[in-house]
Enquirer: 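Below are the structure tokens for one structure; questions will follow.
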Amino acid sequence: MTQALADLLYPHIDTTPEDWYRRYPPRSLPEGAWVTRFAPSPTGFVHIGGIFTSLVARQLAHQTGGVFILRIEDTDKKREKDGSVEEIVRNLNNFGLTPDEGIVQVDPEEREVGDYAPYTQSERIEIYESFAKFLVARGLAYPAFDTEEELERLRKIQEAQRLKPGYYGSFAKWRDAALDAVKAELDKGSRPVLRIRAPFPTEERLRFTDGIKGDLDLPVNDQDTVLIKSNRIPTYHFAVVVDDTLMRVNLVIRGDEWLPSAPLHFQLYQYFGLTPPRFAHVAPIAKMDGDSKRKLSKRKDPEANVTYFHEQGYPKEAVAEYLLNLANSAFYEWRKANPTAPHTAYQVRLDNMGVSSPLFDLVKLNDVSKDIIASYSAERVYEEGMAWARVHNPRLAAILERDKAYTLRVFNVERTGDAPRKDIVNWSDIERACGFFFDDLFAESIAANGYPMPEKVPTEDIGRILEAVIAFDLARSKEDWLATMRDLAESLGYARDVKTYKKNPESFKGHFGDVMMVVRVALTGKTNTPDLYEILQTLGAERAAERLRAAAAQFASA
RNA sequence: GGCCCUAUCGUCUAGCGGUCUAGGACGUGGCCCUUUCAAGGCCAAAACACGGGUUCGAGUCCCGUUAGGGUCACCA
């Protein structure tokens, strides 16, 4: 009877799961190797959570000698967007998460790699139907012809009677339909969905240990969930079990929104007589929305989309290290102990991952990013900064490119030595941090904001201070310059140093720092900048003098 | 509403019955250093949701309350 139904539904299928198990044999990998995957659907948007789970999944695979796969779950044709797959691949590559297997490249020539192909679900229909036929033949799945309206009506009834919604037990109209009834519908041209035959009622529990959440105790699935839609495309639940099995994935790392459907997945493994893989359900990254916490939303939160980080110009290491920090707080300790090791050398531990949603913290990301950029050479800052600026700030790119040697000198200011300056947050921050070195940007800033001179320094002092700097020969040493400036400060009635000033604040107009601030503002238009002597050297005598004169003129006339 | 998960400084967390007068990081404040801004050093404020148990002893185990979160589609 059930075999007849199977043949009726899938007359064209003559393969069995066994055939596919042979076609996709177990992998020969070292003991304890994890085979993991990222399996997004191509909806035109890569969520930061996807990068987070991929990072963990890839790291875990690599540190055990396993494989990280990218599989495309395009089972919802309605939501699919053109170019999404390329977008996913590109983003993965951008964050250094290139898969070992599956869809690995945008280039169509070398797009797909691996012996477990195809890696796109819409190309695997025959496989799913073999597995479907297997279930039908054993009475573990059945066709159902309910229309959308009928299902809607069912929902209403259940709601009114305060019953659990769904297709189950006596509500499952097609559960035990006669073969003739199925045939009749088929002859009418109706296309059925395939539903799993779940036990109902059942008090049974499913117990398993999640890699992150620990011991779990869930009710066994009693819903006759749709396995294959009427358009012959499987639902996620069915496809994921079949694919993970055939691709020999042994560690499923996914968002914890899947936890409630895990019992259905376990049920499928059981129906196929398979040992389920290990699961690890990751809590989603959240943010505060008013008083409540919620998952980062693609509609409301720009930072939910990974392209945001790219557009802002965060180096990929910065995002990766921030996420690694979120995954394992011990990463910080490791980083301190191994300041120069690549983050990929860190051994991620699943059982150290948090079980509840962490809040996304941009301030912390910025801190991580500043550290990372501070560790780069001027050349690297130039290259990566230029790569970003060419796309996102062409005007800045043109300015930086105009005199590469000069730009490199700019990026090298306070970059050498034990404590490199940490002032660039990301590539889009270059303009704010270093813009004043470039005449166009400097002129703009002065035009817009003027000179934010310290108020305690009178105008007549400003002229004298600036003249002294113009007169100073830049070939002389930093010590000479500081000594000269100190003498000047003193002669104008300012304390030689902060200490002297603090001892006797009333007897000075201010201290050396205030005098230097005048120079800083004249030279840069800003109150916070790197070392002044280095700035003078970088700008060069001519350009520096020009700026100092312009400022002096401004305050002389005032 | 049913089911499930979670609950330590503002944030990320360490903690797996005594070593917790609860540790670290980011952030915040102060001091030192300093030509400025960073960095760095030192210091400070800052948390075990609540109520019951169990125990000689509970942040750690159990129960409840409360509060968050997730999920209940022919979407993933």
Side-chain angles (χ1 to χ4, degrees), chain A residues 39-43 73-76 78-79 144 146-148 151 155 159 162-167 191-195 210 213-214 216-219 223 225-231 233-237 239-240 254-263 281 283-284 286 288 291-295 322 325-326 328-333 335-336 352 354-368 370-371 374 414 417-423 433 454 478 481-482 485-486 489 497-499 511-517 519-521 524 526-533 535:
Chain A
S41 50
T43 57
E73 312 226 324
D74 58 342
T75 57
D76 183 3
K78 275 173 259 161
R79 294 203 314 170
D146 309 82
T147 62
E148 224 172 286
L151 291 174
R155 244 190 303 276
E159 209 175 302
R162 292 175 162 265
L163 292 167
K164 142 157 99 167
Y167 204 84
R191 300 292 319 172
V193 298
L194 192 75
R195 289 182 179 270
D210 185 90
K213 307 258 181 200
L216 258 20
D217 184 355
L218 272 34
Q223 292 277 335
T225 310
V226 172
L227 261 20
I228 295 188
K229 298 179 257 186
S230 55
N231 61 4
I233 298 177
T235 59
Y236 167 82
H237 308 293
V240 79
R254 53 159 41 157
D256 71 2
E257 68 270 22
W258 292 111
L259 206 49
S261 52
H281 288 95
M288 288 310 286
D291 291 337
S292 65
K293 188 173 168 181
R294 63 166 169 76
K295 188 170 151 173
Y322 171 68
N325 231 316
L326 227 45
N328 283 188
S329 63
F331 174 77
Y332 170 82
E333 299 295 327
R335 177 43 89 207
K336 231 169 49 176
N352 276 168
V355 288
S356 57
S357 293
L359 249 28
F360 184 82
D361 186 351
L362 194 67
V363 177
K364 186 125 180 179
L365 169 64
N366 286 345
D367 181 70
V368 171
K370 267 192 254 184
D371 273 341
E414 286 192 59
D418 292 342
R421 189 176 177 80
K422 301 184 181 180
D423 56 355
K478 181 170 173 179
W481 136 265
L482 287 177
M485 294 309 290
R486 265 187 226 282
D497 50 57
V498 182
K499 260 186 201 155
H511 60 80
F512 186 40
D514 299 314
V515 171
M516 296 301 268
M517 185 57 88
V519 181
R520 170 178 334 271
V521 169
T524 68
K526 292 175 48 160
T527 53
N528 60 327
T529 73
D531 180 85
L532 276 181
Y533 183 78
I535 290 177

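A note on names: the letters A, B, ... follow the listed sequences, proteins ahead of strands, and every chain is numbered from 1.
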Enquirer: As a test of reading the structure: which of B:rC4, B:rA76, B:rU13 is closest to the side chain of A:P358, going by heavy atoms?
Expert: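 Nearest to the side-chain atoms of A:P358, counting from C-beta on, is B:rU13.
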Enquirer: Taking NZ from A:K213 and C1' from B:rU71, how many angstroms apart are they, rounded to a whole number?
Expert: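 In whole Å, B:rU71 C1' and A:K213 NZ are 12 Å from each other.
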Enquirer: A:L359 has a side chain; which of B:rC4, B:rU11, B:rU71 sits nearest to it?
Expert: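 Shortest atom-to-atom distance from the side chain points to B:rU11.
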Enquirer: On RNA chain B, compare the nucleotides closest to A:F360 and A:R79; which residue's is nearer the 5' end?
Expert: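 Result: A:F360.
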Enquirer: Would you mind telling me which of B:rC5, B:rA38, B:rG69 lies closest to the side-chain atoms of A:S357?
Expert: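 Out of B:rC5, B:rA38, B:rG69, the nucleotide with an atom closest to A:S357's side chain is B:rG69.
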Enquirer: When the distance from CH2 of A:W258 to C1' of B:rG69 is rounded to whole Å, what number comes out?
Expert: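 Interatomic distance, CH2 of A:W258 to C1' of B:rG69: 17 Å.
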Enquirer: With a 3.5 Å limit on both atom pairs, tell me what B:rU71 is paired to, counting Watson-Crick and G-U wobble, or say none.
Expert: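 Paired with B:rG2.
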Enquirer: With sequence neighbours left out, what residues match A:P260 under side-chain contact (heavy atoms from CB on, under 4.5 Å)?
Expert: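 With neighbours one apart ignored, the set is empty.
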Enquirer: Between A:T529 and A:R520, does any side-chain donor sit less than 3.5 Å from a side-chain acceptor?
Expert: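 Indeed, the side chains of A:T529 and A:R520 share at least one donor-acceptor pair under 3.5 Å.
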Enquirer: Using Watson-Crick or G-U wobble geometry with both distances below 3.5 Å, tell me the partner of B:rG10, or none.
Expert: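 With both distances under 3.5 Å, B:rG10 matches B:rC26.
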Enquirer: Would you say the side-chain atoms of A:D210 pair up with the backbone N or O of A:H281, donor to acceptor, closer than 3.5 Å?
Expert: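 Side chain of A:D210 to backbone of A:H281: a pair is present.
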Enquirer: Give the nucleotide from the list B:rA76, B:rG69, B:rA38 with an atom nearest to the side chain of A:K229.
Expert: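 Between B:rA76, B:rG69, B:rA38, the one nearest the side chain of A:K229 would be B:rA76.
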Enquirer: Per the atom types in the model, does the base of B:rC74 pair as donor or acceptor with the side chain of A:T235 at under 3.5 Å?
Expert: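 By the distance-only test, no, there is no pair.
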Enquirer: Using atom C1' in both nucleotides, what's the gap between B:rA49 and B:rU60 to the nearest angstrom?
Expert: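 The answer is 16 Å between these two C1' atoms.
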Enquirer: Measure from the side-chain heavy atoms of A:K422 and tell me the nearest of B:rC37, B:rG40, B:rG70.
Expert: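 In terms of side-chain proximity for A:K422, the closest of B:rC37, B:rG40, B:rG70 is B:rG40.
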Enquirer: Which value, in whole Å, describes the distance between the C1' atoms of nucleotides B:rG15 and B:rC9?
Expert: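 My reading of the C1' atoms in B:rG15 and B:rC9 gives 14 Å.
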Enquirer: Paired with B:rG64: which nucleotide, if any, by Watson-Crick or G-U wobble criteria at under 3.5 Å for both distances?
Expert: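 Answer to the pairing question: B:rC50, which forms a Watson-Crick or G-U pair with B:rG64.
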Enquirer: Checking A:T235 side chain against A:V226 main chain: does a donor-acceptor pair fall under 3.5 Å?
Expert: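 Flag set: sc A:T235 to bb A:V226 pair under 3.5 Å.
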Enquirer: Would you check, one step at a time, whether the test side-chain contact (heavy atoms from CB on, under 4.5 Å) holds for A:L365 with A:F360?
Expert: CA-CA 9 Å; A:L365 169 64; A:F360 184 82; 4.2 Å; yes
Enquirer: Looking only at side-chain atoms of A:K295, point me to the closest of B:rG70, B:rC75, B:rU36.
Expert: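 Closest nucleotide to the A:K295 side chain: B:rG70.
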Enquirer: Taking the minimum atom-to-atom distance to the side chain of A:R155, which one of B:rU11, B:rC74, B:rA76 wins?
Expert: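 Given the options B:rU11, B:rC74, B:rA76, the side chain of A:R155 is closest to B:rC74.
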Enquirer: I need the CD-C1' distance between A:E73 and B:rA76, as an integer number of Å.
Expert: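 Going from A:E73 (CD) to B:rA76 (C1'), I get 8 Å.
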Enquirer: Assuming nearest nucleotide by heavy-atom distance, tell me which of A:D361 and A:K364 is located more 5' along RNA chain B.
Expert: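 Counting from the 5' end, the first nearest nucleotide belongs to A:D361.
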Enquirer: Within the side chain of A:T524, is there an N or O that forms a donor-acceptor pair under 3.5 Å with the backbone of A:K526?
Expert: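 Yes; judged by distance alone, with no hydrogens or angles, the pair exists.
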Enquirer: OP1 or OP2 of B:rC33 less than 4.0 angstrom from a side-chain nitrogen or oxygen of A:K499, does that happen here?
Expert: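 So the side-chain polar atoms of A:K499 do come within 4.0 Å of the phosphate oxygens OP1 or OP2 of B:rC33, strictly under.
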Enquirer: Using atom C1' of each nucleotide, how far apart are B:rA45 and B:rU34 to the nearest Å?
Expert: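 Nearest-Å result for B:rA45 against B:rU34 at atom C1': 26 Å.
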Enquirer: If the P atom of B:rC63 is compared with that of B:rU54, how far apart are they to the nearest Å?
Expert: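 Per the computed distance, 15 Å lies between those P atoms.
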Enquirer: My understanding is that a pair needs two contacts under 3.5 Å, Watson-Crick or G-U wobble. By that rule, which nucleotide pairs with B:rU34?
Expert: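 By the stated definition (distances under 3.5 Å), nothing pairs with B:rU34.
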Enquirer: Can you tell me, in whole Å, how much space there is between the C1' of B:rA76 and that of B:rC37?
Expert: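 That atom pair is separated by 48 Å.
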Enquirer: Is A:R195 near enough to B:rC74 that one of its side-chain N or O atoms lies under 4.0 angstrom from OP1 or OP2?
Expert: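 Yes, within the criterion.
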Enquirer: Output the rounded distance in Å from CG (A:L218) to C1' (B:rC3).
Expert: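 Whole-Å distance recorded here is 8 Å.
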Enquirer: Send over the distance from A:Q223 CD to B:rG2 C1', rounded to a whole Å.
Expert: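 So the CD-C1' distance, A:Q223 to B:rG2, works out to 11 Å.
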